[in-house]
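We name chains A, B, ... by the order of the sequence lines, and we start the count at 1 in each one. The shown structure was predicted, so the numbers you read here are calculated from the model rather than taken from an experiment.
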There are 2 protein chains.
Amino acid sequence: MRMPDNATWTASPDGDPERACPIAPVVDIVFSRWTTPILWTLNTHGRQRFVELERRIARITPKVLTQRLRQLERDGLVVRTYHAEVPPRVEYEISELGRSLAPLFAHLTEWATDNLPKVDRARHAYDSAGDPAGSLPSAKR
Amino acid sequence: MRMPDNATWTASPDGDPERACPIAPVVDIVFSRWTTPILWTLNTHGRQRFVELERRIARITPKVLTQRLRQLERDGLVVRTYHAEVPPRVEYEISELGRSLAPLFAHLTEWATDNLPKVDRARHAYDSAGDPAGSLPSAKR
DNA sequence: CGGTATCCTGTCGGATACTG
DNA sequence: CAGTATCCGACAGGATACCG
């Protein structure tokens, strides 16, 4: 049996399935569908209205945007401000807690820059490996 | 228009919807359903066989486990080794590329430790705020 | 404007059965 | 053991219409 040498991930003695992966809850909260683009947009463009978000994220439907915003608000990552005017105005901004994700996202961006090309190459290698005449990668790039 | 003061997230001039969130692809690759537990398990327990993974992750079905493992293999995050014996033996281990995620996961763990309680509190606050007599949180904790 | 309500479809993942 | 194949139900998310 082989144990990884790096101690960056610490093993929790696995009794439960969930406990086997301590970061599962965070992933649920932060990396659910649409939440990342929403948080990103709110952080980069600051406080903005519903329609602005809708337009910037694009392809998201108002229904889903509402759902995700409510969820993020409930989780304390986003602050919703309702202005009782006519027409009504609602503004969303990232909370302090939400902002605390910034370094994490930066790290993620860094990893993407460094390694996404590798992922791409791995994919092409994998795909061409299955091909009949794929043994000779003379064609393609 | 308000620009956030921290430069940790750098804005890409938003033309495209996808470009609006540069980390979306990474999220797809690393934080898809089940991938995080799988990577975590592979990293903490080292190289292991299909059944071991199946047992450790628990509640995952063989079908889905296979799907995700194939995907991770294709993305170059996991290495699959097939031993042509009887009975057949297949071992999975995390790749170098996969291991490069370790610091990221560590950060995630750290964030979880520091902030998950806050998320929990935010949720309870949000939930009780909607309640009729929720103004007096005398009951409950 | 900022949603909610309703309907409807596509996809993910579970259950089960079977193979090399 | 390590999967694949097939069926099937749940539910996320889209389209549309409407409201305060």
Side-chain angles (χ1 to χ4, degrees), chain A residues 1 17-18 20-21 24 27-39 41-42 45 47-75 78-93 126 129-130, chain B residues 1 17-18 20-21 24 27-39 41-42 45 47-75 78-93 126 129-130:
Chain A
M1 176 165 291
E18 302 317 276
C21 185
V27 173
D28 266 9
I29 294 169
V30 180
F31 299 109
S32 297
R33 189 155 169 82
W34 292 116
T35 57
T36 319
I38 291 174
L39 287 174
T41 304
L42 280 176
H45 298 279
R47 175 171 51 239
Q48 50 200 299
R49 311 174 61 163
F50 189 85
V51 271
E52 297 183 88
L53 281 170
E54 197 177 349
R55 269 193 280 268
R56 275 203 243 265
I57 295 176
R59 302 210 317 257
I60 197 174
T61 60
K63 174 184 146 187
V64 175
L65 180 56
T66 305
Q67 287 174 347
R68 293 286 91 94
L69 281 171
R70 288 284 181 280
Q71 177 190 316
L72 290 169
E73 189 196 358
R74 190 176 105 102
D75 291 345
V78 158
V79 178
R80 176 180 184 268
T81 319
Y82 179 83
H83 304 268
E85 314 168 347
V86 275
R89 185 163 52 98
V90 177
E91 291 187 318
Y92 293 90
E93 63 181 324
Y126 184 94
Chain B
M1 177 164 293
E18 302 317 275
C21 185
V27 173
D28 266 8
I29 294 169
V30 180
F31 299 108
S32 297
R33 190 158 168 81
W34 294 115
T35 56
T36 319
I38 292 176
L39 287 175
T41 303
L42 281 176
H45 298 278
R47 175 171 50 236
Q48 51 199 301
R49 309 175 61 163
F50 189 85
V51 272
E52 298 184 87
L53 281 171
E54 197 176 351
R55 270 193 279 269
R56 274 202 243 265
I57 296 177
R59 301 211 317 256
I60 196 174
T61 60
K63 172 185 146 187
V64 175
L65 180 55
T66 305
Q67 288 175 348
R68 294 285 92 96
L69 281 172
R70 289 282 182 280
Q71 177 189 318
L72 289 169
E73 190 196 357
R74 190 176 105 102
D75 291 345
V78 158
V79 178
R80 177 181 184 267
T81 319
Y82 180 82
H83 304 268
E85 313 168 347
V86 273
R89 185 163 51 97
V90 177
E91 291 187 318
Y92 293 91
E93 64 181 323
Y126 184 95

Check: Rounded to the Å, how far apart are B/E54 CD and D/dA2 C1'?
Finding: 9 Å

Notebook entry, point to check: Quick one: A/E91 CD to C/dC1 P, roughly how many Å, whole number?
Noted result: 14 Å

Next item on the list: Take atom CZ of B/F50 and atom C1' of D/dG3, then tell me their distance rounded to the nearest Å.
Entry: 6 Å

Note to self: Any side-chain N or O of A/R80 below 4.0 angstrom from OP1/OP2 of C/dG3?
What the structure shows: yes

Check: Taking only residues two or more places apart in sequence or in another chain, which ones pass side chain to side chain donor-acceptor pair (under 3.5 Å) with A/E54?
Finding: none

Check: How are the rings of B/Y92 and B/F50 set relative to one another: parallel (under 30°), tilted (30 to 60°) or perpendicular (over 60°)?
Finding: tilted

Check: Tell me: CG of A/L53 to C1' of C/dC1, nearest whole Å?
Finding: 14 Å

Next item on the list: Kindly give the heavy-atom pair with the smallest separation between A/V64 and A/W34, and that separation in Å.
Entry: CG1-CD1, 3.5 Å

Checklist line | A/Q48 to A/T41 - nearest heavy-atom pair and separation | finding: NE2-O, 3.2 Å

Checklist line | Approximate separation, where rounding is to 0.5 Å, of B/I38 CD1 and B/L53 CG | finding: 7.0 Å

Check: Whole Å only: how far is the CD atom of B/E52 from the P atom of D/dG3?
Finding: 13 Å

Margin query: Return a single string for nucleotides 11-20 of chain C, one symbol per nucleotide in 5' to 3' order, where B is base contact, S is sugar-phosphate-only contact and - is none, cutoff 4.0 angstrom on heavy atoms.
Written below: --BBB----B

Next item on the list: Return the value, rounded to whole Å, for the distance between atom CD of A/Q48 and atom P of C/dC1.
Entry: 15 Å

Check: In whole Å, what is the span from the CZ atom of A/F31 to the C1' atom of D/dA12?
Finding: 20 Å

Notebook entry, point to check: Quick one: is C/dG3 close enough that its OP1 or OP2 comes under 4.0 Å of any side-chain N or O from A/Y92?
Noted result: yes

Check: What pair of heavy atoms forms the shortest contact from B/T35 to B/V30, and how long is it?
Finding: OG1-O, 2.7 Å

Next item on the list: Indicate whether the side chain of B/R74 and that of B/Q71 have a donor and an acceptor atom separated by less than 3.5 Å.
Entry: no

Checklist line | Any A/R49 side-chain nitrogen or oxygen under 4.0 Å from OP1 or OP2 of C/dG2 | finding: yes

Next item on the list: Starting at atom CG of B/L65, determine the distance to atom P of D/dA2, rounded to an integer number of angstrom.
Entry: 10 Å

